[in-house]
Amino acid sequence: MREVPSLISLCMESIKKELIHGDDDLVPAVYELPYDLFDTLVSRLPPLTLQKLQTEMPFDDRNDHEFTDDHFRNGRKRGRYWNFNAAWKALFNLRWPDLVDQIEPVDWQEMYWETHLQNCLDEAAEMALLPAFYGCIGDIRIPDASLKCIGFDAKENHVTSDYVKLSYHCQHFGCYSRCIRLQNVLCTAETCHLLRTCKLKSLVLGLIRSKEHFDGVCRLLNQNSETLTSLEFIHCKLSSDFFNGICNSLIMKGIQTHGIQNFSITSSFLENNQVRLPMGLESFLSSGRSLRSLKLCDSQLGRNFVNMAFNTLLNISSSISVLDLSENNISGWLSDFNKRSSSDPFSSSFGKSLQSLRVLNLRGNNLQKNDVGSLRYALVHMPNLEVLDISDNFIEDEGIRSLIPYFVEASERCSSLADLNLEKCDLSCNAVTELLNALSTFKGPLKSLSLADNFLGSQVAVALGNFLHSSIQVLNIGGIELGSSGFKELQEGMTEELKLVKINISKNRGGIETAKFLSKLMTVAPELTEVNAAYNFMPVESLTIICSALKVAKVLSI
């Protein structure tokens with residue numbers, strides 16, 4: 001039998017419907033509700049009605065109140081005593097449940113409308129990209145599903161044609177947006193006008209290639225030059241003229257500098273082998289006193305281009321903390337750094353420029369064994385380095401051996417290095433054994449190491465077993481051809497408690513010995529929460545061994 005709704009519930013639904021249909025005369029009366037009834041009502045309102053109620057509140061701050069215990073008991077409340085933020089978080093969770101655990105904003109109302117507007121812009125971009133599209137971007141209709149989520153019903157008479165247009169949503173919710181992603185088709189003068197109320201802190205731009213897009217981007221940057229701190233270009237075609245425009249657009253009035261802290265380019269340069277940097281890029285880097293992160297990834301950059309950019313950073317004594325040059329062809333660029341520093345060994349610019357560096361990503365740069373010698377010299381000038389990634393470079397045994405003295409020296413001075421990635425570097429068992437022996441006594445906070453996809457064989461198991469007893473917490477040894485004998489050797493070497501939290505042993509063809517290793521590992525690694533053991537050709541009986549171990553372990557993912 002259906003449950004009969006209470007009188008209060010019926011009243012709440014009635015008030016909710018009246019508010020949704022725009023009864024402005026009801027709003028003042030709603031503020032006089034007892035705080036418990038008001039909270040109940042707030043928790044039932046759709047976003048647009050909640051927005052209206054919060055915007056028209058007669059009080060500016062939750063703590064602006066004059067009431068006593070009697071006011072609480074009698075429900076005669078003079079101030080605000082409800083939690084709008086909790087209501088906005090509940091609405092966000094209802095619409096985007098997969099995102100709510102990934103963020104923790106201070107203001108959930110702002111996050112709700114920012115995410116809503118981003119959805120509207122993404123949907124508008126899909127429409128504008130259609131060959132049949134012709135017209136104004138602001139007139140693009142927002143899908144009914146999105147309108148319904150915020151409390152609009154296109155089938156009801158109270159919804160006018162303005163509500164369903166992108167322009168309405170930009171005008172009313174743009175002021176809440178701090179981070180926006182735009183495809184090229186939306187990088188126009190019209191879109192800049194639509195987003196004029198935004199105070200953007202972060203901007204991600206994709207597929208910018210035509211002059212019209214360039215002009216739109218520059219105008220948008222100029223609009224937000226005083227607030228923008230993060231700028232990213234993805235799959236764009238960037239020219240010298242474009243960089244000139246970027247720099248001119250971002251320079252703040254009255255001072256020859258910009259406020260960008262994070263600058264990222266995952267795009268191709270039209271001129272990357274020229275004698276000098278594009279004037280605009282050089283000016284941008286030179287005037288970037290606030291720059292903390294520079295990423296020039298997968299941009300088909302050559303040695304000369306990167307060398308000039310790096311020297312520009314050195315010349316201004318930047319305080320950059322993240323430098324990502326991954327997926328470029330820059331073999332030999334660090335040798336120029338060595339020559340420069342050798343010619344002026346007493347110069348303090350190197351220390352100032354590199355002391356703040358905490359993350360260095362050189363993955364996939366076509367570095368050779370000779371480059372690693374130069375890298376070792378540069379690392380000496382990076383005392384605060386925490387993350388080093390030189391994966392996917394054929395540095396071979398000679399290359400890694402040239403780095404071992406650096407690790408020894410770094411250990412003696414209590415290095416900050418915590419994350420080292422050496423995947424797919426064409427290393428052999430002998431060189432890696434020497435490296436692991438050095439790292440086993442490393443006095444720094446090394447927590448993560450990856451040796452994946454190097455053909456090491458089962459002989460490396462002894463050194464790995466010793467290394468496991470260090471402070472290492474995350475270890476990736478996938479695809480190193482341990483085999484069943486390697487896993488057996490590892491088991492025998494695990495005699496003390498380990499600090500491992502996450503381990504990847506995939507693609508090692510360990511058979512049933514993989515299961516036995518995992519069983520032993522779970523007993524000696526109490527903090528272990530994640531294991532990747534895929535592609536190890538474990539027979540069916542391995543399941544019994546692993547299940548028995550899981551009963552007494554707390555591994556969350558395997």
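Only heavy atoms go into these numbers, but all of them, side chains included; no hydrogens, no water, no symmetry mates. Numbers here are sequence positions counted from 1. Since this is a predicted model, take the numbers as computed values, not measurements.
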Legend entry - Heavy-atom closest contact (Glu123 atom, Pro143 atom, distance): OE1-CD, 3.3 Å
Inset, instruction - Could you pull out the closest heavy-atom pair between Leu129 and Gln183, with the gap in Å? - result: CD1-OE1, 3.5 Å
Inset, instruction - Could you tell me whether the side chain of Asn504 and the main chain of Ser506 form a donor-acceptor pair under 3.5 Å? - result: yes
Inset, instruction - Indicate yes or no: at least one non-hydrogen side-chain atom of Phe242 is less than 4.5 angstrom from one of Phe233. - result: yes
Inset, instruction - Of all the heavy-atom pairs spanning Leu475 and Leu468, show the shortest one and how long it is. - result: CD2-CD2, 3.6 Å
Legend entry - side chain to side chain contact (heavy atoms under 4.5 Å, CB included), paired with Leu296, selected from Asp324, Leu323, Leu301: Leu301
Legend entry - Distance in Å, Glu110 CD paired with Thr115 OG1, rounded so as to fall on 0.5 Å steps: 10.0 Å
Inset, instruction - Check whether the side chains of His235 and Arg209 place a donor and an acceptor atom closer than 3.5 Å, and report yes or no. - result: no
Inset, instruction - Sort out for me which residue in Asp371, Asn370, Asn366 forms a side-chain hydrogen bond (donor to acceptor under 3.5 Å, both in side chains) with Gln368. - result: Asn366
Inset, instruction - Apply the test ring pair (Phe, Tyr, Trp, His ring centres under 6.0 Å) to residues Phe263 and Phe284: give CA-CA distance (whole Å), side-chain angles for both, the deciding distance (0.1 Å), then the verdict. - result: CA-CA 10 Å; Phe263 186 61; Phe284 175 84; 4.3 Å; yes
Inset, instruction - Check the pair Trp108, Trp113 against ring pair (Phe, Tyr, Trp, His ring centres under 6.0 Å), reporting the backbone distance first and the verdict last. - result: CA-CA 9 Å; Trp108 281 98; Trp113 291 122; over 10 Å; no
Legend entry - Spacing of NZ belonging to Lys516 relative to OG belonging to Ser484, to within rounding of 0.5 Å: 10.0 Å
Legend entry - Nearest-0.5 Å distance that lies between atom CG in Leu354 and atom CG in Asn384: 11.0 Å
Legend entry - Sidechain-backbone polar pair: Glu114 side chain, Cys179 backbone, donor-acceptor under 3.5 Å: yes
Inset, instruction - Ignoring hydrogens and angles, tell me if any N or O in the side chain of Thr433 forms a donor-acceptor pair with the backbone of Cys429 under 3.5 Å. - result: yes
Inset, instruction - Just do the side-chain hydrogen bond (donor to acceptor under 3.5 Å, both in side chains) check on Asp389 and Ser391 with the steps written out, would you? - result: CA-CA 6 Å; Asp389 190 345; Ser391 300; 2.9 Å; yes
Legend entry - Contact check, side chains of Leu294 and Leu313, non-hydrogen atoms, under 4.5 Å: yes
Inset, instruction - Determine whether more than 12 heavy atoms belonging to other residues, nucleotides or ligands lie under 6.0 Å from atom NZ of Lys447. - result: yes
Legend entry - Heavy atoms of other groups near Glu398 CD, more than 12 under 6.0 Å: no
Inset, instruction - Might you work through the side-chain hydrogen bond (donor to acceptor under 3.5 Å, both in side chains) test for Asn119 and Trp96, ending with a clear yes or no? - result: CA-CA 11 Å; Asn119 286 176; Trp96 301 287; 3.0 Å; yes
Legend entry - Heavy-atom side-chain proximity of Leu436 to Asn466 below 4.5 angstrom: no
Inset, instruction - For the pair Asn262 (side chain) and Lys295 (backbone), establish whether a donor and an acceptor sit closer than 3.5 Å, ignoring hydrogens and angles. - result: no
Inset, instruction - Please answer whether the main-chain N or O of Gly478 pairs with a side-chain N or O of Asn476 as donor and acceptor at a distance below 3.5 Å. - result: yes
Legend entry - Asn508 side chain vs Ile480 backbone, donor-acceptor pair below 3.5 Å: yes
Inset, instruction - Would you check if Glu104 and Lys89 make a side-chain contact, meaning some heavy-atom pair closer than 4.5 Å? - result: yes
Legend entry - Min side-chain heavy-atom separation Leu439-Leu449 under 4.5 Å: yes
Legend entry - From CA spacing to verdict: side-chain contact (heavy atoms from CB on, under 4.5 Å), Met494, Phe517: CA-CA 9 Å; Met494 292 190 299; Phe517 166 77; 3.6 Å; yes
Legend entry - Ring centre gap for Phe305 and Trp333 strictly below 6.0 Å: no
Inset, instruction - Given side-chain contact (heavy atoms from CB on, under 4.5 Å), test Val524 with Glu497 step by step and report yes or no. - result: CA-CA 5 Å; Val524 297; Glu497 188 173 287; 5.6 Å; no
Inset, instruction - Could you tell me whether the side chain of Asp298 reaches within less than 4.5 Å of the side chain of Asn328, counting heavy atoms only? - result: no
Inset, instruction - Could you point out which residue of Asn224, Leu221, Val217 forms a side chain to side chain contact (heavy atoms under 4.5 Å, CB included) with Leu203? - result: Leu221
Inset, instruction - Measure the spacing between CG of Leu220 and CG of Leu228 and express it to the nearest 0.5 Å. - result: 8.0 Å
Inset, instruction - For Gly399 and Val372, work out which heavy atoms get closest and say how close. - result: O-CG1, 3.1 Å
Legend entry - Residue pair Thr514 / Ile505, side-chain heavy-atom distance below 4.5 Å: yes
Legend entry - Within-4.5 Å side-chain heavy-atom neighbours: Ile477 and Leu482: yes
Legend entry - Gap between atom OG of Ser470 and atom CG of Leu446 - 0.5 Å precision: 7.0 Å
Legend entry - Side-chain (Ser286) to main-chain (Glu282) donor-acceptor, under 3.5 angstrom: yes
Legend entry - Backbone of Val501 reached by a side-chain donor or acceptor of Thr529 within 3.5 Å: yes
Legend entry - Arg401/Glu434 ion pair, N-O < 4.0 Å: yes
Inset, instruction - Could you verify whether a donor N or O on one side chain and an acceptor N or O on the other, from Ser458 and Glu489, lie under 3.5 Å apart? - result: no
Inset, instruction - Output yes when Glu409 and Arg376 qualify as a salt bridge under the 4.0 Å nitrogen-oxygen rule, no when they do not. - result: yes
Legend entry - Exam field: side chain Asn454 to backbone Cys425, donor-acceptor pair closer than 3.5 Å: yes
Legend entry - Arg363 and Asp392 ion-paired at < 4.0 Å: no
Inset, instruction - Look at Lys488 together with Glu513 and state whether they make a salt bridge at an N to O cut-off of under 4.0 Å. - result: no
Legend entry - Main-chain N/O of Arg292 paired to Ser321 side chain as donor or acceptor, under 3.5 Å: yes
Inset, instruction - Indicate yes or no: does Arg181 engage Asp122 in a salt bridge with an N to O separation below 4.0 Å. - result: yes
Inset, instruction - Step by step, work out the side-chain hydrogen bond (donor to acceptor under 3.5 Å, both in side chains) result for Ser293 and Gln261. - result: CA-CA 6 Å; Ser293 173; Gln261 298 177 15; over 6 Å; no
Legend entry - Approximate separation, where rounding is to 0.5 Å, of Leu420 CG and Ile390 CD1: 6.5 Å
Inset, instruction - Please name the pair of heavy atoms, one in Ser287 and one in Ser283, separated by the smallest distance, quoted to 0.1 Å. - result: OG-O, 2.7 Å
Inset, instruction - Could you walk me through whether Leu528 and Leu498 pass side-chain contact (heavy atoms from CB on, under 4.5 Å), step by step? - result: CA-CA 9 Å; Leu528 189 66; Leu498 308 181; over 6 Å; no
Inset, instruction - Test Val204 against Ile234 for side-chain contact (heavy atoms from CB on, under 4.5 Å), laying out the working first. - result: CA-CA 8 Å; Val204 180; Ile234 301 176; 3.7 Å; yes
Inset, instruction - Mind listing the closest non-hydrogen atom pair of Leu456 and Leu427 along with its distance? - result: CD2-O, 3.6 Å
